[in-house]
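Every heavy atom of this structure was used, including side-chain atoms; hydrogens, water molecules and symmetry mates were not.
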Amino acid sequence: MARFAGEYEETFTIDGDIEVAKQHFGNPERIAKNHGDLVRWEDQGEGKIHYVLKPKSEKGVTFNGVYTCHYQFVSDDLFEWKTSQSDNLWSSGSIHFASAGESRTRLVYKARMECEMQVNRFLAKVIKGIVSREISKGSKSFLDRMRSGLS
């Protein structure tokens, strides 16, 4: 099996105090609702969300991602997630929250995804860049949806 990975980092500031930002960006259900490209998701409680991704096809290869992710605040200003169960997709990352003045919060978002697909070595070289680009594009779109939904 070939393994592919992609990362995305973004630092941005939102209008709203740090507690509002943490309640919004640190809410597993809200994260699932804004995930994008899903067949379905299921809240399993205790910060765990089970995801079934829409199949993605590229260069004759179809990827069907299914995974469970665990979300939690590991400190007052740091929210993290990590795949807790999967056969072919692993996601991890963090959001650091910091006050940026009155009613403004700076967020540092870092995400990494890895996936495995059964492809030959030649095809793996062809789709490596595509997968990395799709992971970055998906992360950026997710953050755009999350920012748009901030109330």
Side-chain angles (χ1 to χ4, degrees), residues 1-14 16 18 21-75 77-98 100 105-150:
M1 289 251 211
R3 190 172 263 214
F4 306 93
E7 297 182 0
Y8 184 78
E9 292 187 25
E10 184 176 339
T11 299
F12 57 97
T13 302
I14 61 161
I18 195 166
K22 290 186 332 188
Q23 288 173 12
H24 182 76
F25 289 92
N27 180 310
E29 185 175 320
R30 187 166 285 131
I31 291 166
K33 287 179 179 178
N34 286 285
H35 188 289
D37 294 333
L38 293 176
V39 171
R40 70 179 182 279
W41 63 273
E42 175 186 330
D43 187 339
Q44 296 186 327
E46 299 181 16
K48 291 183 181 176
I49 303 285
H50 180 72
Y51 296 102
V52 177
L53 303 179
K54 287 181 182 173
K56 284 206 175 228
S57 294
E58 201 66 57
K59 305 288 184 194
V61 176
T62 299
F63 178 73
N64 295 295
V66 178
Y67 69 108
T68 302
C69 205
H70 184 231
Y71 300 91
Q72 66 181 343
F73 275 93
V74 294
S75 69
D77 62 352
L78 185 61
F79 181 74
E80 292 184 342
W81 61 92
K82 186 173 186 169
T83 297
S84 60
Q85 184 178 9
S86 180
D87 291 333
N88 64 351
L89 189 148
W90 299 269
S91 175
S92 61
S94 64
I95 303 174
H96 180 264
F97 300 87
T105 304
R106 183 175 58 92
L107 292 84
V108 179
Y109 175 91
K110 297 179 181 181
R112 177 176 175 76
M113 289 188 90
E114 293 182 48
C115 60
E116 279 186 347
M117 290 185 263
Q118 187 133 5
V119 296
N120 64 44
R121 290 190 309 160
F122 173 73
L123 192 53
K125 288 179 183 181
V126 171
I127 65 173
K128 180 180 179 181
I130 295 170
V131 172
S132 180
R133 185 173 55 249
E134 286 298 310
I135 289 170
S136 291
K137 190 169 105 178
S139 293
K140 182 173 178 1
S141 294
F142 163 74
L143 280 180
D144 290 344
R145 287 187 296 276
M146 287 295 285
R147 282 190 290 254
S148 292
L150 187 60

Report the distance from atom [atom1] of [X] to atom [atom2] of [Y], rounding to the nearest 0.5 Å.
X	Y	atom1	atom2	value
His24	Leu107	NE2	CG	9.5 Å
Gln44	His70	CD	NE2	10.5 Å
Asn64	Ser57	CG	OG	8.0 Å
Leu89	Leu53	CG	CG	6.0 Å
Asp87	Tyr67	CG	OH	14.0 Å
Trp90	Cys115	CH2	SG	8.0 Å

List the steps, then state whether side chain to side chain contact (heavy atoms under 4.5 Å, CB included) holds for Ile31 with Phe79.
CA-CA 12 Å; Ile31 291 166; Phe79 181 74; 3.6 Å; yes
Check for a donor-acceptor pair, side chain of [X] on one end and backbone N or O of [Y] on the other, with a separation under 3.5 Å.
X	Y	answer
Ser86	Asn88	yes
Thr83	Ser91	yes
Thr105	Gly16	yes

Under the ring pair (Phe, Tyr, Trp, His ring centres under 6.0 Å) definition, can you give me all pairs with a residue in residues 114-146, not counting sequence neighbours?
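Residue pairs with at least one partner in residues 114-146: there are none.
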Could you label the plane-to-plane angle of the Tyr51 and Tyr71 rings as parallel, tilted or perpendicular, counting under 30° as parallel and over 60° as perpendicular?
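Tyr51 vs Tyr71 ring planes: perpendicular.
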Does any part of the side chain of Met117, heavy atoms only, come nearer than 4.5 Å to the side chain of Ile127, both counted from C-beta?
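Touching, per the 4.5 Å side-chain cut-off.
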Give the C-alpha distance, both sets of side-chain angles, the deciding distance and a yes or no for side chain to side chain contact (heavy atoms under 4.5 Å, CB included) between Leu143 and Phe12.
CA-CA 10 Å; Leu143 280 180; Phe12 57 97; 4.0 Å; yes
Is the Trp81-Tyr109 ring centre distance short of 6.0 angstrom?
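Distance test on ring centres: under 6.0 Å, yes.
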Taking salt bridge (charged side-chain N to carboxylate O under 4.0 Å, His left out) as the cut-off, I'd like each qualifying pair that reaches into residues 41-56, sequence neighbours left out, listed once.
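Qualifying pairs: Asp37-Lys56, Lys56-Glu134.
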Side chain to side chain contact (heavy atoms under 4.5 Å, CB included) assessment of Ile14 paired with Leu150
CA-CA 9 Å; Ile14 61 161; Leu150 187 60; 3.5 Å; yes
Looking only at heavy atoms, which two atoms of Asn27 and Arg30 are closest? And how far apart?
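Taking every non-hydrogen atom into account, OD1-N, 2.9 Å.
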Smallest separation among heavy atoms of Pro28 and Gly47, with atom names:
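Scanning both residues completely, I find the closest heavy atoms to be CG-CA, 4.2 Å.
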Enumerate, atom names and distances included, each donor-acceptor pair closer than 3.5 Å involving a side-chain atom of residues 2-11, sequence neighbours excluded.
{"from": "Arg3", "atom 1": "NE", "to": "Glu116", "atom 2": "OE2", "distance (Å)": "3.4"}
{"from": "Arg3", "atom 1": "NH1", "to": "Glu114", "atom 2": "OE1", "distance (Å)": "2.9"}
{"from": "Arg3", "atom 1": "NH2", "to": "Glu116", "atom 2": "OE2", "distance (Å)": "3.4"}
{"from": "Glu7", "atom 1": "OE2", "to": "Arg112", "atom 2": "NH1", "distance (Å)": "2.7"}
{"from": "Tyr8", "atom 1": "OH", "to": "Glu10", "atom 2": "OE1", "distance (Å)": "2.6"}
{"from": "Glu10", "atom 1": "OE2", "to": "Arg147", "atom 2": "NH1", "distance (Å)": "2.9"}
{"from": "Glu10", "atom 1": "OE2", "to": "Arg147", "atom 2": "NH2", "distance (Å)": "3.2"}

Counting heavy atoms not belonging to Arg145, are there more than 12 under 6.0 Å from its CZ?
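Yes.
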Could you go through the side chain to side chain contact (heavy atoms under 4.5 Å, CB included) check for Asp77 and Lys22 one step at a time?
CA-CA 8 Å; Asp77 62 352; Lys22 290 186 332 188; 5.7 Å; no
